[in-house]
Amino acid sequence: MTEPATVKAALTSQSIETPSWAYGNSGTRFKVFARPGVPRTPQEKLDDAAKVHEFTGAAPTVALHIPWDTVDDYAALAAHARDRGLTLGTVNANTFQDDDFRLGSVCHPDPAVRRKALDHLLACVDIMDATGSRDLKLWFADGTNYPGQDDVRERQDRLAEALAAVYERLGDDQRMLLEYKLFEPAFYTTDVPDWGTAYAHCLKLGPRAQVVVDTGHHAPGTNIEFIVATLLREGRLGAFDFNSRFYADDDLMVGAADPFQLFRIMYEVVRGGGLTEDVAFMLDQCHNIEEKIPAIIRSVMNVQEATAKALLVDREALATAQRTGDVLEANAVLMDAYNTDVRPLLAEVREEQGLDGDPMAAYRRSGWATKTAEERIGGQQAGWGA
């Protein structure tokens, strides 16, 4: 049985990166819904992110998305983050919102379009140099809609060529994180559709190329924890994008659709040493109908709760049951940990850090939502359009 002090130490050191875009307006494919007090600038996004960290104590880094977070002075933006107790984290590239990318970006049949996409990726590395960010995250909407539309194998060659150029540009302490997605927006073939494709490309590039597991990017019934265990075993799990989905796509709050799945994933992370390795725990969510900061706080708490339960698994008892073939006992050991109410433990961890044991209640009392709604009048609210 894991000692409570060990569990507390692991929870205290856990860091969950929040995404800048989650603080902006978002919505469905038909409508983006605006809310009062939504940030208008990257600086205001960081101000909101600082509140999440203030009340959870577990969200000290913020991921950027370029060009959504473009500024004139990235060193100044990093300083703004530091002044609020934050650091700038992963830089996310965007090669899916330009008219030129209708048929793809780095996999496009036109070399000029591929060059434009590559130049953007290299510019993102320049931004990393300015912000001190370690990770560049790449997700490509590239794919085809119809059989025969393009040469599937050639598209993989183009992708490999672009990834190699970006990898060569990385600094010694920087990493490339390659994300995959089953489908959408391409409906016949997707150029990076699964973890095997991402892993194969990363394997050829070198150790600083790692795979991102987005928990919403899989077919129904996919055993995500198996993927996590395998990538950890191979030393190629670079990061998570935590979210949930019910039917397809993603972007709901992590743990909303299947908290038991999140627990199973986090158990494999604990089992595989992922809490102590360089695995980045990031949220990738859009909050369309709910308040944004409370939703992000709740998401951080959901990851913490799943982690706490995973840490409470009696691994010695589990190993004994597994060795002796006691199927029901092995399952019971896992279920005992999952069914444990860890909220009092996490409240205790927060209070020992000088925080309120209930981050949601503390945020409500802070009056930040009212303050920003009154002060952020005029200008253009941040969001991804549509």
Side-chain angles (χ1 to χ4, degrees), residues 19 21-22 24-33 63 65 68 92-97 101-105 107 137-147 149-150 152 155-156 159 177-199 211-228 230-231 237 239-266 268 281-290 292 295-296 298-299 302-303 306 383-386:
W21 54 96
N25 286 324
S26 59
T28 69
R29 286 159 179 75
F30 311 107
K31 169 67 176 175
V32 169
F33 303 103
H65 210 297
W68 298 343
N92 292 257
N94 182 323
T95 58
F96 52 85
Q97 282 194 314
F101 300 145
R102 180 171 59 88
L103 299 180
S105 60
C107 300
K137 187 167 67 178
L138 304 179
W139 173 72
F140 298 106
D142 292 36
T144 64
N145 275 10
Y146 295 97
Q149 176 182 326
D150 200 0
V152 173
R155 291 180 73 91
Q156 288 297 306
L159 173 63
L177 305 179
L178 183 58
E179 185 176 351
Y180 58 90
K181 187 176 184 181
L182 174 67
F183 78 104
E184 203 251 5
F187 291 103
Y188 174 63
T189 62
T190 301
D191 290 313
V192 191
D194 52 41
W195 72 274
T197 304
Y199 174 69
V211 179
V212 178
V213 173
D214 184 306
T215 51
H217 282 189
H218 303 85
T222 298
N223 190 314
I224 300 174
E225 55 268 34
F226 172 81
I227 298 170
V228 170
T230 301
L231 289 173
L237 179 61
F240 283 99
D241 273 1
F242 283 124
N243 51 58
S244 290
R245 65 163 176 78
F246 281 93
Y247 302 111
D249 205 351
D250 53 4
D251 288 341
L252 297 174
M253 285 168 45
V254 59
D258 189 351
F260 184 47
Q261 180 192 68
L262 181 59
F263 160 76
R264 300 193 310 266
I265 290 170
M266 291 311 302
E268 292 302 333
F281 298 94
M282 298 182 284
L283 304 180
D284 182 11
Q285 304 173 13
C286 291
H287 304 289
N288 302 337
I289 60 174
E290 65 271 33
K292 300 176 192 312
I296 297 168
R298 176 62 67 189
S299 296
N302 287 350
V303 175
W384 48 259

Y180 side chain near I227 side chain, heavy-atom distance below 4.5 Å: yes
Side-chain touch V213/L237, heavy atoms, less than 4.5 angstrom: yes
Minimum side-chain heavy-atom gap H218-L182 below 4.5 Å: no
Distance-only donor-acceptor check, side chains D194 and T197, under 3.5 Å: yes
Pairwise distance CG(N92) to NZ(K137) - rounded to 0.5 angstrom: 4.0 Å
Pairwise side-chain contact, L178 with V212, heavy-atom cut-off 4.5 Å (strictly under): no
Whether F183 and F187 hold their rings parallel, tilted or perpendicular, with breakpoints at 30° and 60°: tilted
Any side-chain heavy-atom pair of K181 and V192 under 4.5 Å: no
Distance flag, aromatic centroids of H287 and F33, threshold under 6.0 Å: no
Donor-acceptor contact present, side-chain S244 to main-chain A256, <3.5 Å: yes
Aromatic plane relationship, F240 with F242 - under 30° parallel, 30 to 60° tilted, over 60° perpendicular: parallel
Polar side-chain atom of N302 near backbone of V254 as donor-acceptor pair, under 3.5 Å: yes
Donor-acceptor pair, side chain of D250 and main chain of H217, under 3.5 angstrom: no
Polar side-chain atom of D191 near backbone of G143 as donor-acceptor pair, under 3.5 Å: yes
Side-chain heavy atoms of Y188 within contact of P147, under 4.5 Å: yes
Exam field: side chain R264 to backbone I224, donor-acceptor pair closer than 3.5 Å: no
